[in-house]
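Below is one structure, written out as structure tokens; the observations come after it.
Keep in mind it's a predicted model, so treat the numbers as computed, not measured. All ligand and atom numbering here is 1-based and tracks the order in the structure.
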Amino acid sequence: SSPVKVFGHATSTNVARVLLCLEEVGAEYELVPVDFLAGEHNTPEHVQRNPFGKIPAFQDGDLVLFESRAIARYILRKYRTPGSPDLLGENGGAEEAAMVDVWTEVEAQQYHPAISPVVFECIIFPVMRGAKTDQKVVDESLERLRLVLGTYEERLSKSRYLAGDSFSFADLNHFPFTFYFMATPYAALLDEYPRVKAWWEDLMARPSVKRVCANMPTKFCF
Ligand SMILES: N[C@@H](CCC(=O)N[C@@H](CSO)C(=O)NCC(=O)O)C(=O)O
């Protein structure tokens with residue numbers, strides 16, 4: 001069968017979320033560039049794939065999907081092989097899958113709203129728009145992030161990974177924005193949370209993560 005297609009570019013956080021899952025299950029894929037800076041994500045062709053005019057979009061035969069976490073779940077369900085890890089916890093029944101869902105929601109509802117403004121203010125806006133960092137937004141977000149990381153530190157003192165003793169989709173979802181957060185001047189914040197720091201280093205050591213972050217910049221010049 002022809003490889004699946006991911007529309008976007010490898011440096012984009014939400015595209016990276018999808019690429020990570022493809023790498024984890026070892027599925028063949030084609031990354032179809034969408035020239036973000038040229039506004040290609042707003043063309044009729046792309047809006048046809050994603051009505052919100054965002055990247056990623058995804059195509060598998062006649063199926064076209066958007067929303068990176070939904071695309072990622074599809075990939076993990078459809079392209080899982082016996083050799084690839086059960087990242088959605090669905091083998092373990094509803095209880096195990098529920099724990100993956102809880103911490104995947106925590107990433108989307110608590111972690112992302114705290115960490116992403118720091119990444120936008122320190123990296124994405126300056127690089128994409130030449131905008132100045134709004135330090136008030138950064139400071140407020142860092143305070144919120146400290147509260148969230150405190151909860152993570154507690155959780156990781158009880159279980160090896162967020163959803164339990166196995167690595168899961170919940171852990172994986174933290175990669176894209178944390179990767180860029182570690183390129184901001186505030187990376188040292190993680191040193192205040194040793195279990196979170198060790199969890200992050202464990203995530204960064206995964207072959208899938210290494211392959212995906214090889215295409216993501218770690219240094220930014222404004
Ligand atoms: N919830 C969606 C967010 C996609 C998104 O904002 N993508 C960004 C680039 S990646 O950060 C994007 O397409 N921005 C373009 C725009 O907002 O115009 C998802 O997870 O797929």
Inset, instruction - Report the C-alpha distance between Phe66 and Phe7 in whole Å, list the side-chain angles of each, state the deciding distance to 0.1 Å, and finish with yes or no for side chain to side chain contact (heavy atoms under 4.5 Å, CB included). - result: CA-CA 10 Å; Phe66 62 97; Phe7 296 88; over 6 Å; no
Inset, instruction - Report the C-alpha distance between Lys5 and Asp60 in whole Å, list the side-chain angles of each, state the deciding distance to 0.1 Å, and finish with yes or no for salt bridge (Lys or Arg N to Asp or Glu O under 4.0 Å). - result: CA-CA 7 Å; Lys5 290 182 179 168; Asp60 182 0; over 6 Å; no
Polar contacts were defined as any N/O atom of the residue lying under 3.5 Å from an N/O atom of the ligand; does this apply to [X] and ligand 1?
X     : value
Thr13 : yes
Ile55 : yes
Ser12 : no

Inset, instruction - Verify the distance criterion only: is there a donor paired with an acceptor across the side chains of Ser84 and Tyr79 at less than 3.5 Å? - result: no
Legend entry - ligand 1 contact on Phe66 by region, counting heavy-atom pairs under 4.0 Å: neither
Inset, instruction - Measure Arg17 to ligand 1 on non-hydrogen atoms and call it side chain, backbone, both or neither using the 4.0 Å cut-off. - result: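 It is neither part, as no heavy atom is under 4.0 Å.
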Identify the closest protein heavy atom to [atom]: which residue and atom is it, and at what distance?
atom                    : answer
atom 16 (C) of ligand 1 : Lys54 NZ, 3.6 Å
atom 20 (O) of ligand 1 : Ser68 OG, 2.6 Å
atom 12 (C) of ligand 1 : Phe36 CE1, 3.6 Å
atom 2 (C) of ligand 1  : Glu67 OE1, 3.3 Å

Inset, instruction - Name the orientation class of the two ring planes belonging to Trp200 and Phe175 (parallel below 30°, tilted from 30 to 60°, perpendicular beyond 60°). - result: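 Parallel, since the angle between the ring planes stays under 30°.
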Legend entry - Nearest-option assignment for atom 5 (C) of ligand 1, heavy atoms, candidates Val34, Leu65, Asn14: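 Result: the heavy atom closest to atom 5 (C) of ligand 1 is in Asn14.
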Can you check whether [Y]'s main-chain N or O pairs, donor with acceptor, with [X]'s side chain at less than 3.5 Å?
X      : Y      : value
Thr133 : Gln135 : no
Arg144 : Ala114 : no
Asp171 : Ser168 : yes

Legend entry - Pro56: numbered ligand 1 atoms lying under 4.0 Å from its heavy atoms: 21 (O)
Inset, instruction - Check each atom of ligand 1 against the heavy atoms of His41 and keep those under 4.0 Å away; list them by number with element. - result: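 Going through ligand 1 atom by atom, the ones under 4.0 Å from His41 are 15 (C), 18 (O).
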Inset, instruction - Taking the side chain as every heavy atom from C-beta outward, state whether Met204 and Phe179 have any pair of such atoms under 4.5 Å apart. - result: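 Answer yes - side chains close enough.
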